[in-house]
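To start, the structure under review is shown below, and the notes come after it.
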Amino acid sequence: MDKFSFLNAVHSQLIEDLYQQYLKYPDSVEPSWKAFFQGFDFALEGYGEDMIADSAEKAVSAPVQMANQAAANGKIPNEIEKEFKVLNLIEGYRHRGHLFTHTNPVRERRQYEPTLAIENFGLSKADLGTKFNSAKEIGLPTAVTLQEIIDHLEQIYCKSIGVEYMHINNVEERKFIREFLQVNKNRPQLNAGEKTEILEKLNQAVAFENYLHTKFVGQKRFSLEGGESLIPALDQLITRSSQHGVDEVVLGMAHRGRLNVLTNIFGKSYKQIFSEFEGKEFEEDVFSGDVKYHLGSSKKIKTANGEEVAINLTPNPSHLETVGALVEGICRAKVDNKYKDFAKVLPIVIHGDGAIAGQGIVYEVAQMMTLEGYRTGGTVHIVVNNQVSFTTNYLDARSSTYCTDIAKVTESPVMHVNADDVEAVVHSMRFAADFRAKFGKDVYIDLLGYRKYGHNEGDEPRFTQPHLYKLISKHPNPREIYKEQLISEGIVSKEILTKMESQFKELLDADFDASKEIEKNTMDLFMADDWKQYPTSVKGAMVAKIDTTFDISKLKELAVQMSTLPKDKKFISKVSRLFENRLKAIEADNLDWALAEWLAYATLLAEGNNVRISGEDVERGTFSHRHALIKTEDAEEEYIPLRHISENRFDIYNSHLSEYGVLGFDYGYAMASPNTLTVWEAQFGDFMNGAQIIIDQYLVAAEEKWKIQAGLVMLLPHGFEGQGAEHSSARLERFLTLCANDNIVVANATTPANYFHLLRRQMKWNFRKPLVVMSPKSLLRHPKVISNFEELATGHFQPIIDDATIDAAKVEKLVLCSGKIYYELLAKKEELNCENIALVRLEQLYPLQNDQIEEILNKYSSRKQLLWVQEEPENMGAWSYILRNFRNTGIDVIAPVQSGTPAPGSHKMFERNQNDVINRVFGRQDAPAKRPVTA
């Protein structure tokens, strides 16, 4: 038979070896062989040894005989073949049962072919009364009829829960899932108290939404109605996880259902929510605040079992899925710096069905699951599946069968569950908690419900889904469904339910009246305990001089220590020479950019701080300057010098090729880790725009919206060196446009010493602000970009560097600039021996050091011309920002002409443009007044 062709030409000893392997580890055997051995064993158990040929082959084991007979005759006994067919039916349910479930509460599911009809597996109705030992494969103790096997499979795989797990290759994980599903036919075993508690949570969820709908008619609240079972689901997930040792939960979600989660999971007072609906201002005038369904919260709660758990709801913007990356970063920071154990912190990310399928950051974050620098011990993903994305039907929202098909990338299990069946929802959450605790992997729960109203409460959903919303309008909510179930089971009476609902209504009424007395709203702070030592108001502090000095003898000691390779390890010759040259530079007191950076990290580590750096190619550095992690020549053993100078953490990780997800992760890490210098470096500064949403919604705005501080450092290689439009500009102009109210620092340091002090200042401040550094490329090895130990040890960060080589009285042209172009201007000035032009560098562009700027302008009062010079096109770079801040100075600009791209692709054209700018500064006759727009 073709079906058993795999048995042909197989040596008897191989079959015997495979059988012995099957007996020890059944799931480790190739599926065809596993099915053969199972079929044989089940049939042998039912029909006895008389099935075995009475021949000289008696000396050979029974499975080997049977295999040899099947190969020789092309036929195996009918009893075994039927067992095979039943096994195939069981596998069919495991693989495809999820396609034929009752998981959609409001409409029929799509039809899939082939079905699970027994005829598709070579069985017939005549077999329904036959007993099969294959029943033991699905957890039944003895042989039962085919009809009973089918009924059992239908209960496990095709009722309110559809399970996808056969895409998982790990044998132990599949076995765990299979055994979990087979207990009690994939239903939870709940006592009367647990059922009543679930009903109470459902009542809170439903009654709260109904109350808001009547009291605040037409106001946006992004109702949870249709998915209210999320509330008992989260309650159960947190409770079950705490039993597995979880001490802290970090939750990220978009706006739908957020108010319900804030009140009924986080315990935010209904009074406060009602007051926010009135649109009152927040108490702190400096903070603009945010809409109520974006705010975060942090609380400590006690679960139903009495365990104390810290829970955090991360603030989020309207950019769906963005917050997921932050949740992972926050959790990793808590593991690294507090718990030292992934089992102690649980990330939960709540998605919408349209967003999880449509947003690319979901994939970026999913790929972090097992990466050394980004893993968090497994995330529970819950999809509040409305079957509608804004107004888009699910058929137009994705090409995949399910919105959760991203789970297959990481071989994570998925449970699709009917949100109307709250006990099935609870069961799914318990599975998620158990699986995550055991295997440290992501789990996906697809909570299939509906959306009672439109995208917001003022929207008309029948414009685009008239038939669906006709069904929804007649559909009872999950509380009513479960209430009737518990009444029929005799768990609760109608009188008790009426009392439960009226008492909750009285509580809401009282809080609604009390909310009228609140004059200004108070913002519920996120992770306030982690930041209690840091002031929330720092007006003027960002321009104050900060002590960043460090003992010079200790500095030199650290420099030698971190630059000396261990003698018992062999590295490639280039690495060995590189470190030898570093030691020579230290001896000569010539510290380049890389050494200054290393010393900033080393000194911070020595002072008790931690350091984390991540991004594409950061270990070596895109431009091969850093070499913070090196590998031995033969074994590729990793050696990180900075880990050997302090007990504090120094972590550096090459990220996967992601900007959006990784920047979000590292921003989240910085939010939860004020004592860590957290650095994200772009491979090229140009690529940061792949993460623009994180910059716009968090980096520059989080403090004003949510009173959140984060000291994240962004290193953005920036400089025009003829490498084309994609490798020149970190879009300085965008950051400067976003600067206001002391929200961030934007710098473009030009000396190793200034860079050293800039990094150290981040941790010396008694507050935290994001730092954006336009970091260099060609300056990494520029012969003039050198500092000495004295400048590092006794200096400080200089926001402005004056021209120390010129007599101010002779200056006719004062040139302000920033970054790499300074050295090109300096080279021209030295070439021309020019004494009437002063070159002044703005090392910190925001916030501007206005007092020093005034001193500079007064110093060069004899000037005839004030210029801003930049290498970026005139419509880019800092010019618009400089003009805005130097309105009354008569300043003018010299820059390449306006352009739609940052730089030309032709190297010759780049050189001509760059030379034009420099020549115009020095008034050279061979320089055109304006260069042509095109080549």
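For the pair Gln870 (side chain) and Met876 (backbone), a donor-acceptor distance under 3.5 Å is present.
Atom OH of Tyr363 has 12 or fewer neighbouring heavy atoms from other residues, nucleotides or ligands inside a 6.0 Å radius. Around the NZ atom of Lys574, the shell of radius 6.0 Å holds no more than 12 heavy atoms that belong to other residues, nucleotides or ligands. Applying the 6.0 Å contact sphere to CD of Glu726 captures no more than 12 heavy atoms from other residues, nucleotides or ligands. Around atom NZ of Lys570, no more than 12 heavy atoms belonging to other residues, nucleotides or ligands sit under 6.0 Å away.
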Which atom pairs, donor and acceptor, lie under 3.5 Å between side-chain atoms of residues 687-699 and protein residues at least two apart or in another chain?
residue	atom	partner	partner atom	Å
Gln692	NE2	Asp696	OD1	3.0
Tyr698	OH	Pro315	O	2.9

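Tested against Trp593, the residues Tyr755, Phe756, Trp598 include a single ring pair (Phe, Tyr, Trp, His ring centres under 6.0 Å) partner, Tyr755. Test Glu637, Glu633, Glu636 against Lys569 for salt bridge (Lys or Arg N to Asp or Glu O under 4.0 Å) and you get one pass: Glu637. For the side chain to side chain contact (heavy atoms under 4.5 Å, CB included) test with Ser563, the passing option among Ile586, Leu578, Leu599, Asn581 is Ile586; the others fail.
Screening residues 608-623 for side-chain hydrogen bond (donor to acceptor under 3.5 Å, both in side chains) gives Asn337-Asn610, Tyr374-Ser614, Arg612-Asp666, Ser614-Asp666, Asp617-Gln683, Glu619-Asn654, Arg620-Ser624 as the qualifying pairs, with residues at least two apart or on separate chains.
Taking both residues in full, the closest heavy atoms of Pro847 and Val543 are given as CG-CG1, 4.0 Å, listed atom of the first, atom of the second, then distance. Of all heavy-atom pairs between Ser728 and Ala903, the closest is OG-CB, 3.6 Å. The shortest non-hydrogen separation linking Leu792 to Ala596 is CD2-CA, 4.4 Å. Residue Val345 comes nearest to Arg436 through the heavy atom pair O-NH2, 2.7 Å, listed as atom of the first residue, atom of the second, then distance. Heavy-atom minimum distance, Leu677 versus Leu604: CD2-CD1, 3.7 Å. Nearest heavy atoms, Ala606 versus Phe550: CB-CZ, 4.4 Å.
Ring geometry for Tyr881 versus Tyr846: interplanar angle over 60°, hence perpendicular rather than tilted (30 to 60°).
Side-chain polar atoms of Asn312 and Glu248 form a donor-acceptor pair below 3.5 angstrom. In the model, Thr410 has a side-chain atom that pairs as donor or acceptor with a side-chain atom of Ser412 under 3.5 Å.
Put simply, the side chain of Ile786 does not reach to within 4.5 Å of the side chain of Pro752, judged on heavy atoms. Residues Phe526 and Met671 are in side-chain contact: their nearest non-hydrogen atoms beyond the backbone lie under 4.5 Å apart. Proximity of Arg761 to Leu758: side-chain heavy atoms (C-beta onward) are separated by under 4.5 Å at one or more points. When side chains are defined from C-beta on, His351 does not count as touching Gln359, because their heavy atoms never get closer than 4.5 Å. Cys817 is not listed as a side-chain neighbour of Tyr823, based on a closest heavy-atom distance of 4.5 Å or more. Considering only heavy atoms from C-beta on, Ile356 comes within 4.5 Å of Tyr444 through its side chain. For the pair Asn913/Pro904, a side-chain contact is recorded, criterion being any heavy-atom separation below 4.5 Å from C-beta on. For the pair Tyr653 and Val662, the minimum side-chain heavy-atom distance is 4.5 Å or more.
Atoms CZ and OG1, on Phe665 and Thr678 in that order, are 10.0 Å from each other to the nearest 0.5 Å. Note: Asp442 CG to Ile406 CD1 = 10.0 Å, rounded to the nearest 0.5 Å. Taken from CD1 in Ile330 to CG in Asp530, the straight-line distance is 10.0 Å, to the nearest 0.5 Å. The distance from atom CZ of Phe684 to atom CZ of Phe623, rounded to the nearest 0.5 Å, is 4.0 Å. The distance from atom CD of Glu721 to atom CD of Gln914, rounded to the nearest 0.5 Å, is 8.5 Å. With rounding to the nearest 0.5 Å, the separation of CE in Met763 from CZ in Arg760 is 10.5 Å.
Not less than 6.0 angstrom separates the ring centroid of Phe579 from the ring centroid of His627.
In this structure, the side chain to side chain donor-acceptor pair (under 3.5 Å) partners of Asp547, at least two apart in sequence or on a different chain, are Thr549.
Taking 4.0 Å as the cut-off between side-chain N and carboxylate O, Glu580 and Arg582 do not count as a salt-bridged pair.
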**Request:** Dump the intermediate steps for side chain to side chain donor-acceptor pair (under 3.5 Å) on Thr750 and Glu843, then the final yes or no.
**Result:** CA-CA 7 Å; Thr750 59; Glu843 301 278 286; 2.8 Å; yes
**Request:** Kindly indicate, with the supporting measurements, whether the criterion side chain to side chain donor-acceptor pair (under 3.5 Å) is fulfilled by His644 and Gln561.
**Result:** CA-CA 8 Å; His644 298 272; Gln561 186 179 349; over 6 Å; no
**Message:** Test side chain to side chain donor-acceptor pair (under 3.5 Å) on Thr379 and Glu328; report intermediate values, then the result.
**Reply:** CA-CA 8 Å; Thr379 300; Glu328 305 297 342; 2.7 Å; yes
